[in-house]
> 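My questions all concern the structure below.
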Amino acid sequence: MCLAVPGRVLEIYEEHGLKMGKIDYAGNVNVACLEYVPEVQVGQYVIVHAGFAISVLDEEEARKTLELWRELAEAAEEEEQEKKQSHPGTQREEP
Amino acid sequence: MKYLKEFRDPKLARKILEEIHRVTTRNWVIMEVCGGQTHAIIKHGIDQLLPEGLELVHGPGCPVCVTPLELIDKAIAIASQPGVIFASFGDMLRVPGSQKDLFTVKSEGGDVRIVYSPLDALRLARENPDKKVVFFAVGFETTAPSTALAVWQAKKENLRNFFLLVSHVLVPPAIRALVQSSRNRVQGYLAAGHVCTVMGWWEYEPIAEEFGVPIVVTGFEPVDILEGVLMVVQQLEKGEAKVENQYSRVVRREGNRPAQELIRRVFEVTDRKWRGIGDIPASGLRLREEFKDFDAEAHFQLSQLKVEEPDVCISGEVLQGLKKPVECPAFGKECTPSTPLGATMVSAEGACAAYYRYHRS
Ligand code: SF4
């Protein structure tokens with residue numbers, strides 16, 4: 001019940017006086033009620049729960065969360081590469 | 001899929017895991033409150049990758065699991081009546097009541113329908129004016145806004161054949177009850193990201209302060225969960241007890257204001273019994289007086305059912321983080337997802353089901 005996946009708003013329309021939207025989850029298109037995210041625009045990502053969008057995803061915050069770990073992971077990878085490159089050299093020098 | 005794949009990146013997960021190993025110097029017990037997180041943890045084996053002595057215990061955050069047996073029996077009694085369409089989220093159908101489950105009612109000819117949103121139930125009411133449509137409103141603060149709006153809309157449209165069987169529960173009072181219990185071993189909490197999406201996290205600040213426990217609002221993907229664990233451990237190691245937000249791309253401190261506003265207009269706080277845990281004061285929602293016409297319990301005049309839990313099942317202790325599913329003698333033997341003895345084996349979010357599905361023994 002609680003595993004909401006972010007989906008992209010394709011279209012916004014009204015039904016029975018309620019703000020509704022067509023939401024794209026990587027090719028699967030579903031309908032959700034948008035009454036609780038009145039500010040949402042087409043193209044933004046929303047978190048949907050039990051047929052209702054409850055939050056608009058903040059893309060800047062998503063980037064920030066990933067950025068630090070990406071930098072650290074890349075730095076570690078480079079270090080690894082360097083080690084690999086220098087290692088055979090040292091071995092060859094040994095008698 | 002965008003905003004999903006990145007948060008499952010094994011490279012990033014490994015880096016955070018290294019950091020957890022680096023900062024952990026002592027034994028700690030952390031509870032993930034939400035069943036969705038339990039599922040992700042067991043699926044990805046996150047608990048087995050943590051430093052020895054850093055233990056994750058599973059919390060009560062499975063709405064299907066904590067719905068009391070009496071209420072399941074009431075649902076079954078209502079769904080068995082002629083002229084009723086009983087609408088429910090799919091995972092409630094196989095939860096065992098004291099005699100049978102909703103699925104059995106359906107196979108015996110009851111009109112039980114699976115819906116994805118309370119608005120689907122509302123549509124059934126519009127389309128079937130000669131039937132009474134009853135929606136089984138279970139769930140935490142995450143689902144409450146959707147049922148609130150369905151009732152609000154039903155009133156606006158003057159639909160007289162739409163009813164709710166309400167079993168909404170609230171997370172912060174449950175955490176408070178667990179923290180205060182004499183058997184509590186938990187030192188820090190991962191708060192459920194989507195409950196906080198609706199309610200914000202200001203409700204947790206007094207709990208963190210009063211009981212000296214760090215609480216980190218956490219998302220559902222491996223990178224989220226690992227980062228949440230890291231943030232709790234960092235606080236524990238420093239002797240801090242704050243509320244922090246790991247899931248900042250979705251959750252804001254004040255939560256979703258329009259959703260809170262409609263919950264407040266439609267529902268009021270009430271005491272509620274949690275299956276396996278017992279009564280928790282001010283831990284549930286019921287319809288306000290103005291919406292009594294939509295209350296299925298009042299309309300169908302069911303007598304107070306008193307039922308006993310089967311005693312082999314230790315799901316109460318599992319839900320409180322006191323025991324792991326594998327400590328139950330029935331686990332994987334008499335009790336499996338196709339022959340569940342307790343609700344924690346039925347729901348996809350239940351800890352027993354997660355352990356069974358991912359072959360933990
Ligand atoms: S394995 Fe089955 S019987 Fe045992 S605690 Fe879990 S749900 Fe209850």
Side-chain angles (χ1 to χ4, degrees), chain A residues 1-8 15-21 23-28 30-40 43-80, chain B residues 1-4 6-7 9 11-16 18-19 34-37 39-40 61-64 89 91 115-120 122 126 138-140 142-143 145-147 149 153 156-157 192 194-195 197-198 220 223-224 227 246-252 256 258-259 262 347-349:
Chain A
M1 206 180 286
C2 283
L3 278 186
V5 162
R8 198 165 151 270
E15 196 179 74
H16 297 286
L18 296 176
K19 185 170 177 169
M20 305 292 289
I23 317 290
D24 175 19
Y25 306 91
N28 273 329
N30 237 318
V31 166
C33 179
L34 302 178
E35 280 291 308
Y36 292 128
V37 286
E39 74 281 15
V40 76
Q44 286 185 312
Y45 284 80
V46 288
I47 301 290
V48 177
H49 188 91
F52 283 71
I54 52 175
S55 179
V56 180
L57 191 132
D58 186 329
E59 305 194 29
E60 177 59 21
E61 285 293 333
R63 198 186 55 74
K64 274 199 245 164
T65 303
L66 292 167
E67 194 174 53
L68 170 75
W69 296 114
R70 271 191 185 143
E71 275 170 19
L72 288 173
E74 270 160 33
E77 223 166 65
E78 270 167 35
E79 222 171 88
E80 198 101 317
Chain B
M1 191 192 277
K2 209 170 169 208
Y3 298 115
L4 205 58
E6 306 94 297
F7 291 92
D9 185 344
K11 261 192 234 145
L12 302 194
R14 221 171 296 132
K15 202 67 220 165
I16 304 173
E18 275 170 29
E19 191 60 17
C34 166
Q37 290 169 339
H39 206 83
C62 163
V64 178
F89 295 127
D91 38 3
V115 294
Y116 297 100
S117 159
L119 291 185
D120 298 337
L122 202 61
R126 276 191 212 106
V138 296
F140 291 112
T142 21
T143 1
S146 55
T147 38
L149 194 112
Q153 187 72 10
K156 209 168 90 188
E157 294 181 29
H194 291 152
V195 169
T197 304
V198 173
F220 297 86
V223 165
D224 292 320
E227 195 179 37
Q246 182 279 326
Y247 201 32
S248 58
R249 65 188 183 279
V250 173
V251 180
R252 280 115 227 168
N256 184 321
L262 205 66
S347 167
E349 286 163 31

> Under 6.0 Å between the ring centres of His194(B) and Phe140(B)?
no

> At a heavy-atom distance under 4.5 Å, which candidate from Leu122(B), Leu119(B), Asp9(B) has the highest pair count against chain A?
Leu119(B)

> Below 4.5 Å from any heavy atom of chain A, which atoms of Glu18(B) appear? Answer side chain, backbone, both or neither.
neither

> Picking from Lys64(A), His16(A), Glu60(A), which has the most non-hydrogen pairs under 4.5 angstrom with chain B?
His16(A)

> Shorter than 4.5 Å, heavy atoms on both sides: which option in Thr147(B), Ile16(B), Val250(B) has the most such pairs with chain A?
Ile16(B)

> Would you confirm whether Ser55(A), through its side chain, and Leu57(A), through its main-chain N or O, come within 3.5 Å as a donor-acceptor pair?
no

> Chain A heavy atoms under 4.5 Å from Val198(B): which part of the residue, side chain, backbone, both or neither?
side chain

> Counting C-beta onward and ignoring hydrogens, is there a side-chain heavy-atom pair between Thr143(B) and Pro63(B) closer than 4.5 Å?
no

> Within the structure provided, determine whether Thr142(B) and Thr197(B) are in side-chain contact (heavy-atom separation under 4.5 Å).
no

> Would you indicate whether the side-chain heavy atoms of Val31(A) and Met20(A) approach each other to under 4.5 Å?
yes

> With only heavy atoms counted, which part of Leu18(A) is less than 4.5 Å from chain B, the side chain, the backbone, both or neither?
side chain

> For each of Val223(B), Leu149(B), Asp224(B), tally heavy-atom pairs with chain A at distances under 4.5 Å, and name the one with the top tally.
Leu149(B)

> With sequence neighbours excluded, give me every ring pair (Phe, Tyr, Trp, His ring centres under 6.0 Å) pair touching residues 52-78 of chain A.
Tyr36(A)-Phe52(A)

> At a heavy-atom distance under 4.5 Å, which candidate from Pro258(B), Ser146(B), Pro145(B), Ala13(B) has the highest pair count against chain A?
Ser146(B)

> Looking at residues at least two apart in the chain, or sitting in another chain, which of them share a side-chain contact (heavy atoms from CB on, under 4.5 Å) with Asp120(B)?
Val115(B), Tyr116(B), Ser117(B), Arg123(B)

> Among Arg126(B), Lys156(B), Gln246(B), who wins on heavy-atom pairs under 4.5 Å with chain A?
Arg126(B)

> Tell me, for Arg14(B) versus chain A, whether the close heavy atoms (under 4.5 Å) come from the side chain, the backbone, both or neither.
neither

> Distance only, no hydrogens: is a donor on one side chain within 3.5 Å (strictly under) of an acceptor on the other, for Tyr3(B) and Glu59(A)?
yes

> Under a 4.5 Å heavy-atom cutoff, which of Arg70(A), Glu74(A), Glu35(A), Arg63(A) has the most pairs with chain B?
Arg70(A)

